[in-house]
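Below is one structure, written out as structure tokens; comments come after it.
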Protein chains: 2
Amino acid sequence: MPEPNEDYTPPPLSERMQRGDLMAAACPSRKVLKHVTSRWGVLVLIALEGGTLRFSELRRTIGGVSERMLAQTLQWLEADGMVNRTAHDVVPPHVDYSLTPLGQEAAEKVRLLADWIEFNLPRIAESWADRQSAAVD
Amino acid sequence: MPEPNEDYTPPPLSERMQRGDLMAAACPSRKVLKHVTSRWGVLVLIALEGGTLRFSELRRTIGGVSERMLAQTLQWLEADGMVNRTAHDVVPPHVDYSLTPLGQEAAEKVRLLADWIEFNLPRIAESWADRQSAAVD
DNA sequence: CTTCACACTTACATTTATGTACGTACTTAC
DNA sequence: GTAAGTACGTACATAAATGTAAGTGTGAAG
């Protein structure tokens with residue numbers, strides 16, 4: 001375990017902004033991070049890693065997502081260049097969603113985190129059990 | 001690019017719940033994911049990867065965080081067993097925060113994602129530039 | 001004597017996220 | 001003829017996240 005840092009001062013803002021720095025409040029990275037780590041963004045990326053899915057297939061795959069939020073999330077990810085949207089002009093509508101190369105890289109990182117959490121849930125749950133009152137949230 | 005999956009059906013819920021499955025709406029993993037990927041949770045984990053920091057040091061490190069949200073986030077992560085809180089009983093107060101082994105593993109995954117985003121911001125920004133109207137969010 | 005830092009907590013206001021319900025235009029299945 | 005499925009958009013309502021401002025008790029610095 002590292003020693004406490006007695007006299008800590010953050011690096012100057014100018015330096016921290018040169019290459020996107022999340023610690024800087026105004027960094028555009030935070031927007032992307034928001035989309036990718038959003039409640040449904042994570043699950044969409046992971047779901048699409050398994051291959052192309054239609055809107056309704058995504059909706060059935062991801063438990064609890066509403067149509068509205070799924071559409072919203074897909075639009076975020078499409079705008080960020082993570083997701084391809086392919087609409088076939090037929091009726092009833094048929095729209096396919098898939099990951100772009102960018103999206104596949106992002107999905108991989110996100111899935112590593114998700115897998116880690118699922119796998120280590122027991123260890124985490126110990127902490128919940130240990131603390132008595134515990135109702136933090 | 002994978003082929004469209006014409007007749008997709010998700011696996012049964014019972015099977016998906018046996019080991020924590022994020023796709024299941026009620027899975028406790030989602031709570032952990034929420035804390036870890038929350039706006040400030042990500043940044044706290046990354047900040048603490050560099051070593052122990054005091055409350056006020058964290059506040060100065062993480063641009064834009066309010067005292068209230070920092071305290072809140074630290075409590076979430078502490079309850080999830082990711083963060084150690086060490087209060088020295090002196091006045092004025094002195095409290096150190098550091099990562100637990102669990103927290104270090106989580107922080108690593110989170111940082112990989114954050115680093116990827118920062119590094120690939122230019123590629124992502126292209127998508128923003130490409131689409132004309134673009135004001136998705 | 002006044003001000004400030006510390007590490008929070010609480011109350012309150014506001015912004016953001018998310019949900020619900022409905023509409024659409026047409027087709028296939030019953 | 002009636003119901004259901006498709007991929008959304010939109011209006012409205014609610015829940016959740018986040019911000020703001022103030023207060024706490026004490027000691028050191030000015």
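Here is how names work: the chains are called A, B, and so on, in the same order as the sequence lines, proteins then strands, and each is numbered from 1.
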Show me the pairs that pass salt bridge (Lys or Arg N to Asp or Glu O under 4.0 Å) and involve residues 28-43 of chain B, at least two apart or across chains. none
Nucleic acid footprint by protein, nucleotides 17-30 of chain D - heavy-atom cut-off 4.0 Å, B for base, S for sugar-phosphate alone: SBBB----BBS---
According to salt bridge (charged side-chain N to carboxylate O under 4.0 Å, His left out), who are the partners of E105(A), at least two apart in sequence or on a separate chain? R123(B)
With a 4.0 angstrom cut-off to heavy atoms of chain A, pull out the first and last contacting nucleotide of DNA chain C, in 5'-to-3' order. dA17(C) to dT27(C)
With sequence neighbours left out, what residues match E108(B) under salt bridge (charged side-chain N to carboxylate O under 4.0 Å, His left out)? none
Non-neighbouring partners of R59(B) that pass salt bridge (charged side-chain N to carboxylate O under 4.0 Å, His left out), sequence neighbours left out: E67(B)
Under the side chain to side chain contact (heavy atoms under 4.5 Å, CB included) test, residues paired with V110(B) that sit two or more places apart: L113(A), V36(B), V42(B), L45(B), I46(B)
Using the salt bridge (Lys or Arg N to Asp or Glu O under 4.0 Å) rule, collect all pairs that involve residues 74-90 of chain B, keeping only residues at least two apart or in two chains. none
Rounded to whole angstroms, how far apart are CD on E78(A) and P on dA7(D)? 15 Å
Please round to the nearest 0.5 Å and tell me the distance separating atom CG of L22(B) and atom OG of S29(B). 5.0 Å
Using the ring pair (Phe, Tyr, Trp, His ring centres under 6.0 Å) criterion, which residues pair with W76(A)? Sequence neighbours excluded. H35(A)
